[in-house]
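This report concerns only the one structure given below.
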Amino acid sequence: MLLSRLAGVSQEVAATSARSHKIALLAELFREAEPEDARIVIPYLAGRLPQGRLGVGWKVLSRPVPPAAEPALTVREVDALLGALGKVSGPGSQAERARLVGELMGAATEEEQRFLFGLITGEVRQGALDAVAVEGLARATEAPPDAVRRAVMLAGSLQTVAEALLSQGPEALERFRLTVGRPVLPMLAHSASSVAEAVEKLGACVVEEKLDGIRVQVHRDGDTVRVHTRTLDDITDRLPEVTRVARELPGERFILDGEVISFDADGRPRSFQETAGRVGSRVDVATVAREVPVSPVFFDALSVDGRDLLDLPFTERHAELARLVPEPMRVRRTVVSGPDDVATAETFLAETLERGHEGVVVKSLDAPYSAGRRGASWLKVKPVHTLDLVVLAAEWGHGRRTGKLSNLHLGARTADGGYAMLGKTFKGMTDKMLAWQTERLRELAVEENGYVVTVRPELVVEIAYDGLQRSTRYPAGVTLRFARVVRYREDKRPEEADTVETVLAAHPQVRP
DNA sequence: TTCCGACAGTGGGGTCGCAAT
DNA sequence: ATTGCGACCCCACTATCGGAA
């Protein structure tokens, strides 16, 4: 198949807003693809590269290359070139990668260049990623969409399932079963604004502490242990403690779901930054493991002794977990009988926060383990802090926010009458707010430099955030975690905004 | 007809590792 | 040694479509 056909469909998909039409367009192309092309075409149209990241980014791709006049590239040629690109390493590799990119781009037409750029930078922006591609694939092969989704969850990738489906038809789906050693997509939680709201939605439920660490899926098959992240990367080698723990548990074959986190000498959780830094270290793991040891804490069991537990209610999965994993290595929890018993949940949340944790996850007692779309049976609840800050500058947006001032630079007052920037946010704005702030900030503009428009510090905005963290980037030595706009405070003058001092005082455990 | 779940898009900060300067 | 870049961790929120109620 020619790359130009693919790039053309991608454009068509981007041009329509109707999901049903996107699915129809994708299905048509998938039907055309030869089985050998499917391996490439499916992920490309889902906006991903089969070989993952390449070590090539926006910087290298932005160098202009004269486009080819006529489309001639096949998807298989592109795949071969990108495969070679991903393997380049060592001294001189950046130049070699740039050369290969130039070669590829020079063989592509203008439309193909645009598509390749989006594909490699991960910004396809056609309004159709995995979920829509799954629908298209189901349509093309006449397989039930739910069965395809489940197979994708079990295979951990759309690509594997697509290849099997297109070459063997719908019967191929039955071969995708839960297998110890092969990671599956993890079940995720939605958000609720209070435990009362969460318990109201779920009825009888269990409330578990939410640890601020790294999600892990641990597979043990005899002496072999593998540890995977939320995105299914294999991080076994970085976590010798987890391997040791898994080998000592009284079971030969199992899959457990949990979190790794580092505790200090007093048993209090260290900051996310400390845990993440430790887990991210690949060099001299033995040393960092002594300095910042991590502990696995489990909350679910997907498979025990060859038994697939995915479709069992949570209560039964947890019973299996409890047989296998002793108390301190399980997440603390409490059972709540229903909305009449919210007080139990609230007390548990307060205690959990007191112990230094992030919040809680409220889970339905009878829900199966599912990464598919079965509604929200896990709901996380975290405390939200708010501040009144001053807009110091704003950045022009991209994509659907082109022409709008989007990303706000947020400042708190300092003792000397100035402002210290605490971070940025683009979250929480409605289209109406976006239009309004673009107008208003333009009036206040004093300087424009590339994407950044500096303004007179007059606009006060209420910001919600999850907590403070240390920063080397910002002048106060701290920054807001997950800042988002709540509303503009036109009733407030900048002199009434919060100060750096009050921000720091609200988070005594975080020091610059 | 209205409501609501699922999805895509829009980016945030931090840390690590590697190559280039 | 320091800097720049890319890969991955963590993540919130809104708009929109389309099926469920």
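All chains are named by letter (A, B, ...) in the order of the sequence lines, taking the proteins before the strands, and each is independently numbered beginning at 1.
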Describe the nucleic acid contact of [X] in one word from base, sugar-phosphate, nothing, applying a heavy-atom distance below 4.0 Å.
X	result
D431(A)	sugar-phosphate
K424(A)	sugar-phosphate
V279(A)	nothing
L54(A)	sugar-phosphate
T479(A)	sugar-phosphate
K201(A)	nothing
A18(A)	sugar-phosphate

What nucleotide, of [options], holds the atom closest to the side chain of [X]?
X	options	value
R400(A)	dC9(C), dC17(C), dT10(B)	dT10(B)
R473(A)	dG14(B), dG18(C), dC9(C)	dG14(B)
R19(A)	dG5(B), dC9(C), dA12(C)	dG5(B)
V132(A)	dG13(B), dA8(B), dG11(B)	dA8(B)
F272(A)	dG17(B), dC9(C), dG14(B)	dC9(C)
N407(A)	dG13(B), dC10(C), dG11(B)	dG11(B)
D233(A)	dG13(B), dA12(C), dC9(C)	dC9(C)
F426(A)	dA19(B), dT10(B), dG13(B)	dT10(B)
I214(A)	dG14(B), dA12(C), dC10(C)	dC10(C)

Name the residue closer to the 5' end of DNA chain B, choosing between T472(A) and R97(A) according to the nucleotide with the nearest heavy atom.
T472(A)

Nearest-nucleotide check on DNA chain B, E395(A) vs G127(A); residue mapping nearer the 5' end is G127(A)

Under 4.0 Å: is that the gap between some side-chain N or O of [X] and OP1 or OP2 of [N]?
X	N	answer
K427(A)	dG9(B)	no
S17(A)	dC17(C)	yes
H398(A)	dG9(B)	no
K382(A)	dA12(C)	yes
T231(A)	dC9(C)	yes
S471(A)	dG14(B)	yes
K404(A)	dT14(C)	no
Q126(A)	dA8(B)	no
T229(A)	dC9(C)	yes
S406(A)	dG11(B)	yes

Centre of F272(A)'s six-membered ring, under 6.0 Å away, within 45 degrees of the axis: is that where NZ or CZ of R481(A) sits?
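Flagged: R481(A) positioned over aromatic ring of F272(A).
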
Could you tell me whether K424(A) sits above the aromatic face of Y474(A), with NZ or CZ closer than 6.0 angstrom to the six-membered ring centre and within 45 degrees of the axis?
no

Once you round it to whole Å, what is the distance between [atom2] of [N] and [atom1] of [X]?
X	N	atom1	atom2	answer
L434(A)	dG11(B)	CG	C1'	12 Å
E135(A)	dA8(B)	CD	P	10 Å
R487(A)	dA12(C)	CZ	P	21 Å
F482(A)	dG11(B)	CZ	C1'	13 Å
R481(A)	dC9(C)	CZ	P	15 Å
R238(A)	dT15(B)	CZ	C1'	11 Å
L158(A)	dA8(B)	CG	C1'	16 Å
D130(A)	dA8(B)	CG	P	7 Å

If pairing means Watson-Crick or G-U wobble with both distances under 3.5 Å, then the partner of dC7(B) is none

Nearest heavy-atom pair of [X] and [Y]: which atoms, and what distance?
X	Y	result
L49(A)	Y44(A)	CD2-CE1, 3.9 Å
P383(A)	E358(A)	CD-O, 3.4 Å
R470(A)	R511(A)	NE-O, 3.1 Å

Test of ring centre spacing under 6.0 Å for F426(A) and H398(A)
no

Check this for me, if you would: do D234(A) and R226(A) make a salt bridge, where the nitrogen-to-carboxylate-oxygen distance has to be below 4.0 angstrom?
yes

Heavy-atom nearest nucleotide on DNA chain C for A276(A) versus V56(A): which residue maps closer to 5'?
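Its nucleotide being nearer the 5' end, the pick is V56(A).
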
Using the closest heavy atom to pick a nucleotide of DNA chain C for each, name whichever of M429(A) or R230(A) lands nearer the 5' end.
R230(A)

So, do L82(A) and I120(A) sit near enough that their side-chain heavy atoms are less than 4.5 Å apart?
yes

